[in-house]
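Single-structure report; data block below.
Below, read A as the first sequence line, B as the second, and so on, with proteins coming before strands; counting in each chain starts at 1. Just so you know, these numbers come straight off a predicted model, no measurement behind them.
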Amino acid sequence: MQEQIPIIKLEDFLLVSIQVDMHDRLALQLQDDLTAKITEVNARGVLIDISALEVVDSFIGRVIGNISAMARVLDARTVVVGMQPAVAITLVELGLTLEGVHSALNVSRGMALLRRSREEQ
Amino acid sequence: MPKSLLPELLKKDRAEILADWMKEQLVAGGMRADLINEQELREQSNDFLQRFVQAVQSDDLTDIRSAAWTPVLELLGELSRARGRLGFSPAETAMFVFSLKQPVLTRLRTALGNDATRLFEDVATITQLLDKLGLYTTEVHQQTREDVIGRQQMEMLELSTPVVKLWDGILALPLIGTLDSSRTNVVMESLLQQIVHTESEIAIIDITGVPTVDTLVAQHLLKTVAAARLMGADCIISGIRPQIAQTMVHLGVDLTSVATKASLAEALRLAMTRCGFRVVRNDAAAQK
C-alpha cells in the first residue's frame, strides 16, 4: 500500500499533521493531494503541523514554501505550526526563510491565526 | 665507564640529604611561609626523596618517562597542581626540585673528591636529571592553568546567554559581550528551546551589552530573528545605542524587517501591547 499523509477537513480549514519522515516523493504527493483538496472543498486555510518533523532538507523546505504559495493562489492561507528549533536553524542556514508562510507555536495558536485572517478578509 | 655512585650514595645518606635540603629550601626563594608551613614542606620533601631514591636504584638515570620514574612524576604532578592552586609561581615550584642539587653535589664531592672523571660524570647525571624533573613541574603548572582557562571559557559561554521570562508569552535575551559564530549558535539554540518550552509569542533581544555591531553580528542577529519567526514567534531588538545605530546605517545593515526599540522598557511596552496586555498606573498606591 502506498504511503499517504491524511488531510483532515475542519470547518473551512484543512489540517495536515506530518508524523512520518518526509521523503521527496511523499512531499510531492502531499503537494498534489493538498492542492486538489483545497479546490474540492473550497478551503480558506491550511494548517500544517510539523512538530514531529526532526530533520528537514532544502527540498522539503522548498516544497513547504511552494505549498503555501500554491494555496494562496487558490485563496487559502497556510500556517506552519510547531517547527522544532533544530529545523528552524537548518532552514535559516539553508537560506530558506519561507517568506509569506505564516507560522505559529502550536495547533491552537495556528487555528486562532487562521480564524483571524479569515475574519479580516 | 665506572658505575655511577649515585644510587648507593643517595640510599646511604638519605637522612642527611633531607636535612640539608630542608635547610636549603627554608632559606631559598622556594619557601613561602605564608602559603605552606615547615611541617608540610618536610613531609612533601620526605615523600619526594623517598620515591626519588627508589627510582634512582633502577639505574635508569636519563629517561624520566620510563616506568621506574612514574611514582616520582605522579607525586611531582600532584604537588605542582596543589601549589599552583595555592598561588605558588612556577619558578617557586621548580625551585623545590632544583634546591635538591646542592646537598647532593656536596655529598658527591666528599665521596669522589679525588676522582675527577667519576665526579664529573655523576654531577652531569644528577644535574640533568633534576633539571628534567624541575621542568616537568613547570609543564604541569602550565597545563593546570590552561585547564582553568578552558573551563572558564566554557562557563562564560554558558553564563552569558540566559533567556529570561519577562511576562506570560514574553521572553528576553540580554546579550552581553562580543557575538561570534559559536556564541550566536548557543544563543540561538537556547532562545529557540525556551520559545518552545514557554510557548512565548514574543522574544526581545537586548543588545545593550554588545560593544560593537558589524555586518557579521547583524547577520547573526537576523538569522536568529528569522529562525524564531519560522517557529511562530516575533522578535524585537532593543538596546541599540546611538553609536551602533549610526554604524549600522553606514554599513548598510537592513533591519527594517524587525521591530527595533531604543530601550528594553520600550520593547516590553510594545510586546505587552501586541500580546493584549495594558499597564495601568494605580494612582492611589502611587501617592503613598
Interatomic distance, [X] atom [atom1] to [Y] atom [atom2] [nearest 0.5 angstrom]:
X: Leu96(A); Y: Leu230(B); atom1: CG; atom2: CG; result: 9.0 Å
X: Ser103(A); Y: Met231(B); atom1: OG; atom2: CE; result: 9.0 Å
X: Met83(A); Y: Arg229(B); atom1: CE; atom2: CZ; result: 9.0 Å

Should we say atom [atom1] of [X] is surrounded by more than 12 heavy atoms from elsewhere, each under 6.0 Å from it?
X: His197(B); atom1: NE2; value: no
X: Arg241(B); atom1: CZ; value: yes
X: Gln142(B); atom1: CD; value: no
X: Asp21(A); atom1: CG; value: no

Where is the tightest heavy-atom contact between [X] and [Y], given as atom of each residue plus distance?
X: Lys223(B); Y: Glu93(A); answer: NZ-OE1, 3.2 Å
X: Leu105(A); Y: Glu199(B); answer: CD1-C, 3.5 Å
X: Leu192(B); Y: Ala88(A); answer: CD1-CB, 4.3 Å
X: Thr97(A); Y: Ala226(B); answer: CG2-CB, 3.7 Å

If you define the side chain from C-beta out and look only at heavy atoms, does anything of Glu189(B) sit under 4.5 Å from Pro85(A)? no

Looking at chain B, which one of Asn106(A), Leu98(A), Val92(A) has the largest number of heavy-atom pairs inside 4.5 Å, strictly under? Val92(A)

When the 4.5 angstrom heavy-atom criterion is applied to Thr224(B) and chain A, the contacting part is neither

For Ile195(B), is it the side chain, the backbone, both, or neither that has a heavy atom closer than 4.5 Å to a heavy atom of chain A? both

Which answer fits Ile50(A), side chain, backbone, both or neither, if we ask what part of it has an atom under 4.5 Å from a heavy atom of chain B? neither

Answer with side chain, backbone, both or neither: which region of Val101(A) has an atom nearer than 4.5 Å to a non-hydrogen atom of chain B? backbone

Could you tell me whether a side-chain N or O of Arg109(A) sits under 3.5 Å from a main-chain N or O of Gly232(B), the two making a donor and an acceptor? no

